[in-house]
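Residue numbers begin at 1 in each chain, while the letters A, B, ... track the order of the sequences.
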Protein chains: 2
Amino acid sequence: MSDTPQGPRLLPLLDALPPERRDAARNRVALLQAAERLVDHCGVEAVTMDAVAAEAGVGKGTVFRRFESREGLMAALLNHSETEWQAAVMSGPPPLGPGADPWERLITFGHSRLETVLHHADLIRAAGRAGSRSYAAYSFSVMHVRYLLHDLGVTGDLPLLAVALLAPLEAPILDQQVRIEGFDVERIHRGWVDLARRIVGR
Amino acid sequence: MSDTPQGPRLLPLLDALPPERRDAARNRVALLQAAERLVDHCGVEAVTMDAVAAEAGVGKGTVFRRFESREGLMAALLNHSETEWQAAVMSGPPPLGPGADPWERLITFGHSRLETVLHHADLIRAAGRAGSRSYAAYSFSVMHVRYLLHDLGVTGDLPLLAVALLAPLEAPILDQQVRIEGFDVERIHRGWVDLARRIVGR
DNA sequence: CAGCAAAACGGACCGTGGTCCGTTTTGATT
DNA sequence: AATCAAAACGGACCACGGTCCGTTTTGCTG
């Protein structure tokens, strides 16, 4: 909710680009708050661009200028929770955060990601390409898993192996398995651990 | 292009539900042909419901009655090529079709799937949920891989392992890797073979 | 062939995402 | 304080997906 226009920047590193005008900043937070209010009041479906504009008391054009598109707005919304999660992974308590051994961290990571994705499934879907992919969550996760695999002494094309581990946790696949085929979440998690075991080579 | 209203039915098995009226059938093929013409003439983007209706010389309502939605129409379009591919896998020449040993079939399958998905990337994307998932391609692929894994003597939760093998070949992931991160297709394939090796345990 | 009910047709109509451009706000400069 | 250019604003406007309902076609039945 306090993102800068350029998205989450964990190390601010004094931006070179011109700052935001005050009205622009004011409207950004008004819009995000309005959108959030709409989301957990009427569901993601109800978050219509006109509705958000009205709820925030601004013109429709403003919404698009700030967030590019509906997907962009959804991505911004997603970013809020994603950033918290990211912080938990990078600097929270073990075994998700640093401190535990890499294998335990990996398993915990998988479980946590699974839950998070399922929890935000509809928001992720609404965010489309602007969401998990091309942005925060995705590249961060790849980086993190890649790092854990390295720590575990895995050899091979690490970026690709990381993606292989992450792909079955993507929203569309999970959606299909849980909502349509009715798989138990617990079973999916066990399956993922098995996959990790095979990839890591234990 | 010659799909029945219920989609591809490889064994016709004398449908119990009432047949299609002649005008309906005529319009279905007219619409599919019109859509196909538009696709490879102006690209998927240009396939607007109004445009298809106009091109086929029917009313817009008819398009929706036949295909439910734009995604449904795209899925129907996809189905054409998917069905051919499916046939090649099930009864074409080895090593993709039956005859080769399971490992070789699996590798060939991966390669073929990779190419196919990339080739139809935009159509798949336009088909959304109605496309690969919940339909022909997806469940067929899972089934096939599951079967090959079984043949290879792999033990464990086979449906889940099959999904793990298929997930990295899904369109959004491939799109990201190839179009955005600029990975070489050859590299992705090598990575997939490595993944298969680890899962199968060679 | 006439009559009829069911099914299909077609296009007017609506909501929503997205664009455009004339008007207003902001903040730097004198 | 007065001025001004850059940036932001807002809402009219457009295109496209999707629905609805009065009209037409189909193919049965007598």
- When B:Val145 is tested against each of B:Leu158, B:Val163, B:Leu166 for side chain to side chain contact (heavy atoms under 4.5 Å, CB included), which residue passes? B:Leu166
- Expected string for nucleotides 24-30 of chain C under the B/S/- scheme (protein heavy atoms, under 4.0 Å, primed atoms plus P, OP1, OP2 as sugar-phosphate) is -BBS---
Mind checking side-chain hydrogen bond (donor to acceptor under 3.5 Å, both in side chains) for [X] and listing every partner two or more places apart, or none if nothing turns up?
X: B:Arg22; value: none
X: B:Thr108; value: none
X: B:Arg37; value: B:Glu55

- Proximity to DNA chain D (any heavy atom under 4.0 Å), residues of residues 54-71 of chain A only: A:Val58, A:Gly59, A:Lys60, A:Gly61, A:Thr62, A:Arg65, A:Arg66
- Message: Contact list please: residues 43-51 of chain B against DNA chain D, heavy atoms, distance less than 4.0 Å, in numerical order.
- Response: B:Thr48, B:Met49
- Item | Atom-pair distance (CZ on B:Arg129; C1' on D:dG17), nearest Å | 17 Å
- Distance in angstrom units between A:Leu73 CG and C:dG18 C1', rounded: 14 Å
- Only pairs at least two apart or in different chains count here, so list each side chain to side chain donor-acceptor pair (under 3.5 Å) that has a residue in residues 182-192 of chain A. A:Arg187-B:Asp157
- Message: Once side chain to side chain donor-acceptor pair (under 3.5 Å) is applied, what residue pairs with a partner in residues 159-168 of chain B remain, sequence neighbours excluded?
- Response: none
- Task: Using five pairs at either end of the helix from C:dC1-D:dG30 to C:dT30-D:dA1, determine the angle between the two local helix axes and round it to 10 degrees.
- Result: 0°
- With side chains defined as the heavy atoms from C-beta onward, is the minimum distance between A:Met74 and A:Phe67 less than 4.5 Å? no
- Considering residues at least two apart in sequence or located in another chain, which fulfil the salt bridge (charged side-chain N to carboxylate O under 4.0 Å, His left out) criterion with A:Asp122? none
- Results of ring pair (Phe, Tyr, Trp, His ring centres under 6.0 Å) for A:Phe64 - residues two or more places apart only: none
- Under the ring pair (Phe, Tyr, Trp, His ring centres under 6.0 Å) test, residues paired with B:Phe183 that sit two or more places apart: none
- Under 30°, 30 to 60°, or over 60°: which ring-plane class applies to A:His144 and A:Phe109, parallel, tilted or perpendicular? tilted
